[in-house]
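Accompanying notes for the structure given below.
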Protein chains: 2
Amino acid sequence: MAMDSNTALTQLAADGADTPKGTRGSQSLADRLFYSLRKDIVEGRMPAGSKISEPELARRFDASRGSLREALMRLESLGLLERKVNVGARVVDLTERGLLELYDVREALEGMACRLAAQNRSEEDLVELRQMLHRHEQQEELQAGTAYFQPEGDFDFHFRIVQASNNDLLIDTLCNRLYYRVRMYRYQLGMASPRAHRAFREHSHIIDAIEAGDGELAEILMRRHIRASRSNIEKKLTNTD
Amino acid sequence: MAMDSNTALTQLAADGADTPKGTRGSQSLADRLFYSLRKDIVEGRMPAGSKISEPELARRFDASRGSLREALMRLESLGLLERKVNVGARVVDLTERGLLELYDVREALEGMACRLAAQNRSEEDLVELRQMLHRHEQQEELQAGTAYFQPEGDFDFHFRIVQASNNDLLIDTLCNRLYYRVRMYRYQLGMASPRAHRAFREHSHIIDAIEAGDGELAEILMRRHIRASRSNIEKKLTNTD
DNA sequence: AACCTATAAAGTGTCGACAATCTAGAAAAG
DNA sequence: CTTTTCTAGATTGTCGACACTTTATAGGTT
């Protein structure tokens with residue numbers, strides 16, 4: 001038997017299971033299954049590497065196998081599931097290599113996002129970024145000394161930057177694809193980066209560069225920021241290994 | 001009625017419809033539908049922006065609606081289709097903006113691919129790249145003067161470089177996602193880049209940098225290469241506009 | 001005891017049918 | 001004649017059932 005039977009999966013859209021806001025009524029059952037399962041995978045309630053039985057899951061969510069399969073396939077193309085023909089689906093397993101690969105791709109894409117954001121210099125994006133940074137600053141002061149960003153803070157930052165790039169393809173690739181994998185690693189390997197103050201200053205400088213319209217600098221800073229985070233993880237991994 | 005009834009779509013896996021080699025037997029009907037439809041969309045036999053009727057398509061391919069829907073959903077997450085709940089699917093339409101966005105994302109990702117390829121410096125990758133470049137050189141001499149790369153040549157190059165990056169996530173993102181959109185634009189807006197000799201020299205220099213293990217230079221050259229192609233297109237578009 | 005074979009169970013792939021929803025066109029009101 | 005409402009047709013979403021493949025189990029053979 002592949003999965004622990006008493007891991008309590010999310011009720012179907014009982015809580016807001018990461019479902020897009022304001023579209024609650026107009027989504028199919030397969031959609032809701034997709035959102036719930038995505039959350040369960042990201043947050044580790046479906047263990048990485050575990051096999052998935054379609055009939056069992058369908059029963060558990062009280063849905064037909066067809067609708068469930070639709071959700072599973074969307075999860076597959078999200079890169080959260082792997083399916084083999086006539087064999088079935090399993091949750092992807094988290095590997096050191098996969099995590100590092102993720103960092104390299106993010107470095108490239110988020111660097112570009114910064115460059116584009118700086119070229120646009122949208123006023124509303126800038127105020128939002130500033131407000132967010134201010135909130136994070138207060139939080140940091142609150143948790144002084146020992147403090148580090150809770151991962152979600154760092155996440156907000158990267159998310160907002162990408163939005164400001166105004167490139168729909170870039171936004172989709174990062175926010176609707178890669179970030180779920182990022183969060184999966186964070187949740188399950190539980191790596192709260194201990195580089196709090198530095199990260200905050202880096203974020204601040206990046207926003208400065210964007211505000212100044214200096215795309216090249218913004219890109220360089222973001223890439224350095226991500227690469228620093230990567231080295232940090234890499235060190236930790238080779239130690240534990 | 002949305003689609004011209006006598007546009008001859010590909011027979012199901014009659015020709016090798018872009019199906020992965022060596023796996024002909026072990027693929028589901030939905031897989032074959034997916035490959036065929038992907039080819040039809042990329043090559044414009046299903047016009048960009050046209051609506052898709054599930055029953056009609058299912059009849060045409062002699063498959064059940066369920067299997068077809070599975071293929072459609074995979075096409076959606078490839079970004080080749082857009083689906084609205086209770087309304088249906090339509091082929092994405094090609095916009096100037098979308099094309100330019102594609103270039104920016106490619107610049108970021110393929111630049112990184114070059115950097116990684118240079119860091120690896122795999123011997124086999126290098127001989128393959130050299131051989132390919134040699135083939136292209138001969139073709140170019142053949143078609144002298146008027147000559148330009150047929151798009152496929154340029155495509156081979158970028159494809160191979162990405163493979164040499166040895167980053168599975170990067171490879172998947174580019175080769176299994178973005179490149180189909182690239183080819184869709186090329187087929188349908190029919191833009192054979194007229195910058196032949198220059199492109200060839202640029203390719204050559206990029207490979208040199210990779211061979212020298214100079215990741216930073218390789219990245220810069222690739223990004224410049226792609227940005228040049230982008231400006232070229234941009235100029236053409238604003239003229240015709 | 002180890003290994004191969006055959007049978008049974010479970011799981012996936014595919015299909016056709018029904019229910020809910022949207023769309024287009026006709027009928028009615030202004 | 002224009003606009004609104006309602007009805008009929010078509011399309012999508014969902015489901016349960018069947019066929020085929022894979023996997024696990026039991027039995028026999030060397």
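Predicted model only: the values in this text are computed from it and were never measured. We name chains A, B, ... by the order of the sequence lines, and we start the count at 1 in each one.
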Could you check whether [X] pairs with [Y] (Lys NZ or Arg NE/NH1/NH2 to Asp/Glu carboxylate O, under 4.0 Å)?
X: Arg230(A); Y: Asp104(A); value: yes
X: Glu219(A); Y: Arg223(B); value: yes
X: Glu107(A); Y: Arg227(A); value: yes

Fill in the blank from the handout: What residues 73-80 of chain B contributes to the DNA chain C interface at heavy-atom separation below 4.0 Å is none

Handout entry: Selection residues 118-128 of chain B - residue pairs positive for salt bridge (charged side-chain N to carboxylate O under 4.0 Å, His left out), sequence neighbours left out
Key = Glu128(B)-Arg160(B)

Practice task
Assess whether side-chain hydrogen bond (donor to acceptor under 3.5 Å, both in side chains) is satisfied between Asp31(A) and Ser28(A), documenting all intermediate values.
Solution key: CA-CA 5 Å; Asp31(A) 281 330; Ser28(A) 67; 3.2 Å; yes

Completion exercise
A correct 5'-to-3' footprint of nucleotides 12-21 of chain C, with B, S and - meaning base, sugar-phosphate only and no protein heavy atom under 4.0 Å, is BBBB-----S

Problem - Qualifying residue, where the test is salt bridge (Lys or Arg N to Asp or Glu O under 4.0 Å) with Arg65(B) and the options are Glu54(B), Glu56(B), Glu70(B) - result: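 The single option meeting the salt bridge (Lys or Arg N to Asp or Glu O under 4.0 Å) with Arg65(B) is Glu54(B).
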
Handout entry: More than 12 heavy atoms from other groups under 6.0 Å of CZ on Phe159(B)
Key = no

